[in-house]
Amino acid sequence: MIKFEYGGTAGQGRRFEREFAPDALAAEKANRMLEDGTGEGAGFLGWVSLPTALTDEVLDGIEAAGSRLRVLADVVVVIGIGGSYLGAKAVMEALGDPFGYMKGAAGPEVIFAGQNISEDYMWSLLEAVRGRSLAAIVISKSGTTTEPAIAFRIVRGEIERRYGREGARERIVAVTDASKGALRGEADREGYETFVIPDDVGGRYSVLTPVGLLPLAVAGADIRALVRGAQDMRTACGADVGFAYNPAARYAAARNTLYARGYKIEILASYEPALGYFGEWWKQLFGESEGKRSRGIFPASVTYTTDLHSMGQYIQEGERIMFETVVSVEHPRHEIVVAREETDSDGLNFVAGKRLHEINRMAEMGVSLAHADGGVPNMRIVLPCVDEYNIGALLYFFERACGISGYMLGINPFDQPGVEAYKKNMFALLGKPGYEKEGRAIAERLERE
Ligand code: PA5
């Protein structure tokens, strides 16, 4: 199971109890509020019990749809944005390898759309699917989000052009609200297979619903192992688990104490490039949950050792406002040993006979010590290995810690009122019916400025 260590390898661990114990009670209280539903946003706590609430019947249905799409198409386009795409994308990247496994080797290639409005991206996507059989999963809880709606109109058009409306019916699956939104109406009218996003689960907490599980099933992931990992993490972080043993409560307490001391930025770091997109999922989870009422830690992410050669200087010596959380993988999936060379012309025989993983680990220890010395407190989350079970546990660990952290910070971690501001302006600028007044106000403002 995943372990949480304060100080990582930099020897700050012994200070943890002394430094963070004052926050233990607050963390325990916040954790209990998640179970009792006594905090703000209590209508969006469905994710808390999701791992245990997912029945065999639900998982059977997701797997059946996944298997159907796997044999039907060479390419499955997953359309969604924010919480309706980042989880699936992050898990797929973590489990896959950079050169193709899980990207078409044994099933269809799974690609993503609707997470931007770039014309060039969409043009390239249509080029990439040319001549290959096509299916789509469209995911939107509200069913009205502009980016995925535009992408879906284009991809649906392509599918209908090739297979007709009848053919599209078996090639399109919608994941959306049970009754509300344009996508629900469209799916019902066209007779698409649908999966429901529970009302009480917000987008960024929805990776363990069909939002994440269906694309992952299509990609060939073992979604039951993912859910098992999350279930075990739920037990490990339960409201009855004391602070000393509760990794999510300890992590939440540490980051809140550091924030109160002026550390305004948290960097999530990993030494495995496969976890790079996990950082994107994590940034949305914490950024959208905590950034409210002029408060909240700014979440950033890096992949080491790559980014030591770009961001390393700033982190070591720039403004002292950041702390670091390293997701450290204990056992890689494969083994490569550096060979000894007689001539040693590259001067590398000092690492001959060592596995790359050992060198990577020494880099991690070296960085942890250097950053601690440079005034960047660091923590370490140890992942035994990158597989479905442990990734499921990691997802739930961060969700739980985010809920606890948000309550400790005194905000509602389950809404996102600030996301609406840009939409209002964009709709006004595009002349969407209903936004005439805002459109006039923007036009006047642009003239004045
Ligand atoms: O976490 C959230 O609520 C958001 O990121 C949403 O997931 C995102 O805006 C997409 O919304 P929807 O699924 O309604 O299209």
Side-chain angles (χ1 to χ4, degrees), residues 40-48 50 77-92 112-117 136-156 172-187 192 194-216 277-292 296 299 301 395-396 398-403 405-406 411-427 432:
E40 270 191 276
F44 287 94
L45 288 172
W47 61 271
V48 171
L50 204 53
V77 186
V78 176
I79 300 168
I81 195 167
S84 288
Y85 114 94
L86 280 165
K89 172 88 174 163
V91 177
M92 241 174 255
F112 291 85
Q115 76 278 24
N116 59 58
I117 325 175
I137 301 172
V138 54
I139 306 171
S140 177
K141 186 175 184 207
S142 63
T144 55
T145 308
T146 310
E147 292 92 334
I150 291 175
F152 182 49
R153 183 180 278 208
I154 293 166
V155 172
R156 191 196 62 212
I172 294 174
V173 177
V175 182
T176 190
D177 187 84
S179 57
K180 296 187 297 287
L183 180 58
R184 166 53 62 188
E186 212 176 338
Y192 303 147
T194 61
F195 287 87
V196 170
I197 309 174
D199 267 350
D200 57 358
V201 180
R204 57 192 175 277
Y205 293 85
S206 69
V207 57
L208 296 171
T209 72
V211 169
L213 298 180
L214 179 59
L216 288 170
Y277 231 91
F278 203 92
E280 299 303 312
W281 172 83
W282 172 89
K283 282 193 282 194
Q284 190 212 0
L285 178 68
F286 280 88
E288 208 165 78
S289 297
E290 291 192 326
K292 285 157 203 169
S301 67
L395 290 166
Y396 191 86
F398 278 127
E399 288 180 353
R400 188 81 185 203
C402 186
S405 252
I411 50 92
N412 174 358
F414 308 115
D415 64 0
Q416 53 284 328
V419 180
E420 295 310 311
Y422 93 90
K423 292 185 189 166
K424 207 170 70 187
N425 291 342
M426 181 175 79
F427 292 151
K432 184 173 178 176

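Ligands are counted one by one from 1 in listed order, and the atoms in each one are counted from 1 as well. Note that these values count all heavy atoms, side chains included, but never hydrogens, waters or copies made by symmetry.
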Which N or O atoms of ligand 1 sit under 3.5 Å from a protein N or O, and how far apart is each pair?
| from | atom 1 | to | atom 2 | distance (Å) |
| --- | --- | --- | --- | --- |
| ligand 1 | 1 (O) | R204 | N | 2.9 |
| ligand 1 | 1 (O) | Q284 | NE2 | 3.1 |
| ligand 1 | 1 (O) | E288 | OE1 | 2.8 |
| ligand 1 | 5 (O) | G83 | N | 3.2 |
| ligand 1 | 5 (O) | Q284 | NE2 | 2.5 |
| ligand 1 | 5 (O) | E288 | OE1 | 3.3 |
| ligand 1 | 7 (O) | G83 | N | 3.0 |
| ligand 1 | 13 (O) | S84 | OG | 2.6 |
| ligand 1 | 13 (O) | K141 | N | 2.7 |
| ligand 1 | 14 (O) | K141 | N | 3.4 |
| ligand 1 | 14 (O) | S142 | N | 2.8 |
| ligand 1 | 14 (O) | S142 | OG | 2.7 |
| ligand 1 | 14 (O) | T145 | OG1 | 3.4 |
| ligand 1 | 15 (O) | S140 | OG | 2.6 |
| ligand 1 | 15 (O) | T145 | OG1 | 2.5 |

I117 vs I150 side-chain heavy atoms within contact, under 4.5 Å: yes
Cation-pi check, R156 onto F152 ring (under 6.0 Å, within 45° of axis):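 Satisfied, under 6.0 Å and within 45°.
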Contacts table for residues 416-425: side-chain donor-acceptor under 3.5 angstrom, sequence neighbours left out:
| from | atom 1 | to | atom 2 | distance (Å) |
| --- | --- | --- | --- | --- |
| Q416 | OE1 | R204 | NH1 | 2.6 |
| Q416 | OE1 | R204 | NH2 | 3.4 |
| Y422 | OH | E147 | OE2 | 2.9 |

Partners meeting side-chain hydrogen bond (donor to acceptor under 3.5 Å, both in side chains) with Y277 (sequence neighbours left out):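 Y85.
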CG on L208 to CG on L395, rounded to 0.5 Å: 6.0 Å
R184: partners by salt bridge (Lys or Arg N to Asp or Glu O under 4.0 Å), with sequence neighbours left out: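 Salt bridge (Lys or Arg N to Asp or Glu O under 4.0 Å) check on R184 returns D188.
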